[in-house]
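Each remark here refers to the structure printed beneath this line.
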Amino acid sequence: MASLHVPLSSLPRPSFRPTGKLLIRCSADRQALFNRIAPVYDNLNDLLSLGQHRIWKRMAVSWSGAKEGDDVLDICCGSGDLTFLLSEKVGPHVSIHGITSSSSSQVLWSSVQAVGLDFSNEQLLIASTRQKLRSKTCYKNIKWMEGNALDLPFPDSSFDAVTIGYGLRNVVDRHRAMTEICRVLKPGSTLSVLDFNKSINPLSTTVQELMIDNIVVPVASGYGLENEYKYLKSSIKDFLTGNELEKLALEVGFSTAEHFEIGFGFMGNLVAIR
Ligand SMILES: C/C(=C\Cc1cc(O)c2ccccc2c1O)CCC[C@H](C)CCC[C@H](C)CCCC(C)C
Ligand SMILES: C[S@@+](CC[C@H](N)C(=O)[O-])C[C@H]1O[C@@H](n2cnc3c(N)ncnc32)[C@H](O)[C@@H]1O
């Protein structure tokens, strides 16, 4: 696991209003934010969620229904947590070379692929570095792509399952993103959207905000990332509730959509079938 001791000087500098408030208005600002936090992103997630985010991500991938032999896509993949979990679902789990006959002919890897797409090159660099450090056969079939969730570079009906973890809240046009996801999914296939839960329960909202203000942001400020993690609270405030996410999915063409609250109500997962 990468060390948390990343020199602040190595992090690219953000742009601020004269008031010192970080601007996160457009795609470029968000791209820059995720490039800046990339070196410490995984470790801060482990620390700040006490490792729970790994359980939530496993739940999201299970809900995607991804199975052996499927073609799968993880949008806004970041450092690849969900992409790795998807590749474990779709395989292959033994080296094809290992099951070849005695002939010396090269056997091509299965066409099965788990694709991780993100527009942050720094996040993708972390993802591909992690992939190189892992030995599981299935990880060899992961392909990392730099691209935009709002304009997916795939034909219609390309994938058997799609995940987007902590990404939908961060794209600048959620309707367009969901429309694109619906387009690239095969009919009858599943989208699994994991993100923070914008609760309709005032107490849950208050506790979530108190934890961000009093634990998450102070810890992040130790890495010079106070404003980047302050963005979390405003982005959740601007997000959609579970019901609104279900409505959006049906609006763009999914046949069914259901939102589940997880992580003590702090997180949520939308499961939508094309
Ligand atoms: C994996 C998690 C968050 C990913 C993430 C998403 C974003 O949109 C960000 C935007 C800006 C900076 C960072 C992120 C980002 O890391 C969820 C877990 C990590 C959270 C940072 C911690 C959230 C704490 C919860 C409010 C309460 C957790 C309770 C748990 C039972 C301990
Ligand atoms: C909070 S991270 C989530 C990473 C990973 N899915 C996870 O669960 O840890 C959000 C990611 O979304 C990416 N992102 C935001 N908007 C995007 C867009 N329009 N196209 C592609 N990636 C985008 C960011 O670069 C960042 O890596």
Exercise. Assess whether salt bridge (charged side-chain N to carboxylate O under 4.0 Å, His left out) is satisfied between Glu180 and Arg176, documenting all intermediate values.
Key: CA-CA 6 Å; Glu180 274 290 90; Arg176 181 168 173 77; 5.4 Å; no
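- Listed by first and then second residue, the salt bridge (charged side-chain N to carboxylate O under 4.0 Å, His left out) pairs involving residues 251-274 amount to none (not counting sequence neighbours).
- Here the side chains of Asn141 and Pro92 are in contact, with some heavy-atom distance below 4.5 Å.
- The pair Arg36-Glu228 meets the salt-bridge criterion, since a charged nitrogen lies less than 4.0 angstrom from a carboxylate oxygen.
- Qualifying salt bridge (Lys or Arg N to Asp or Glu O under 4.0 Å) partners for Lys198, counting only residues two or more places apart in sequence or in other chains: none.
- With no hydrogens or angles considered, a side-chain donor-acceptor pair links Glu244 and Thr241 at under 3.5 Å.
- Of the possible donor and acceptor atoms, one in the side chain of Arg183 sits under 3.5 Å from a partner among the backbone N and O of Leu152.
- Looking at heavy atoms from C-beta onward, Asn197 lies out of side-chain contact with Phe239 at the 4.5 angstrom threshold.
- A donor and an acceptor atom, one from each side chain of Asn170 and Tyr231, are located under 3.5 Å apart.
- Taking 4.5 Å as the limit, some side-chain heavy atom of Ser192 sits within range of a side-chain heavy atom of Asn269.
- Among residues two or more places apart in sequence or in another chain, the salt bridge (Lys or Arg N to Asp or Glu O under 4.0 Å) test is passed with Lys67 by Asp70.
- Listed for the Asn35 side chain is a donor-acceptor partner under 3.5 Å among the backbone atoms of Glu122.
- Taking the side chain as every heavy atom from C-beta outward, Pro153 and Met145 approach each other to under 4.5 Å.
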Using atom types as modelled, flag every donor-acceptor pair under 3.5 Å from a side chain in residues 75-82 to any protein atom, sequence neighbours excluded.
from: Ser79; atom 1: OG; to: Asp42; atom 2: OD1; distance (Å): 2.5
from: Ser79; atom 1: OG; to: Asp42; atom 2: OD2; distance (Å): 3.3
from: Ser79; atom 1: OG; to: Arg130; atom 2: NH1; distance (Å): 3.2
from: Asp81; atom 1: OD1; to: Arg130; atom 2: NH1; distance (Å): 3.0
from: Asp81; atom 1: OD1; to: Arg130; atom 2: NH2; distance (Å): 2.8
from: Asp81; atom 1: OD2; to: Lys57; atom 2: NZ; distance (Å): 2.7

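- For residues 245-274, every residue pair satisfying the ring pair (Phe, Tyr, Trp, His ring centres under 6.0 Å) rule, not counting sequence neighbours, is listed here: Trp63-Phe260.
- For the atom pair OG of Ser189 and CD1 of Ile181, the computed distance is 13.0 Å after rounding to the nearest 0.5 Å.
- Side-chain atoms of Lys140 and Arg134, non-hydrogen and from C-beta on, never get closer than 4.5 Å to each other.
- Both Ile55 and Met211 belong to a single network of hydrophobic side chains, linked directly or stepwise wherever heavy atoms of I, L, V, M, F, W or Y lie under 4.5 Å apart.
- Linking ILVMFWY residues whenever their side-chain heavy atoms come closer than 4.5 Å, directly or via other members, leaves Leu270 and Ile262 in distinct clusters.
- Side-chain contact between Thr190 and Val271 is present, with at least one heavy-atom pair separated by less than 4.5 Å.
- The side chain to side chain contact (heavy atoms under 4.5 Å, CB included) test with Leu248 singles out one residue from Asn243, Thr179, Leu240, and that residue is Leu240.
- One distance of note links CD1 of Ile273 with CG of Leu185; it measures 10.5 Å at 0.5 Å rounding.
- One finds no salt bridge joining Lys230 and Asp213 here, because no Lys/Arg side-chain nitrogen approaches an Asp/Glu carboxylate oxygen to under 4.0 Å.
- Applying the ring pair (Phe, Tyr, Trp, His ring centres under 6.0 Å) test to every pair with at least one member in residues 144-193, sequence neighbours left out, gives these pairs: Phe84-Trp144, Phe154-Phe159, Tyr166-Phe196.
- Between Glu146 and Ser120, every side-chain heavy-atom pair lies at or beyond the 4.5 Å cut-off.
- Residue Val207 is grouped with residue Met267 when hydrophobic side chains (ILVMFWY) are merged at heavy-atom distances under 4.5 angstrom, including chains of intermediate members.
- Under the 4.5 Å side-chain heavy-atom criterion for Ile, Leu, Val, Met, Phe, Trp and Tyr, Leu191 and Leu85 are members of distinct hydrophobic clusters.
- Within the 4.5 Å cutoff, the side chain of Ile37 has heavy atoms near those of the Gln123 side chain.
- Taking hydrophobic clusters as Ile, Leu, Val, Met, Phe, Trp and Tyr residues chained together by side-chain heavy-atom distances below 4.5 Å, Val115 does not share a cluster with Val61.
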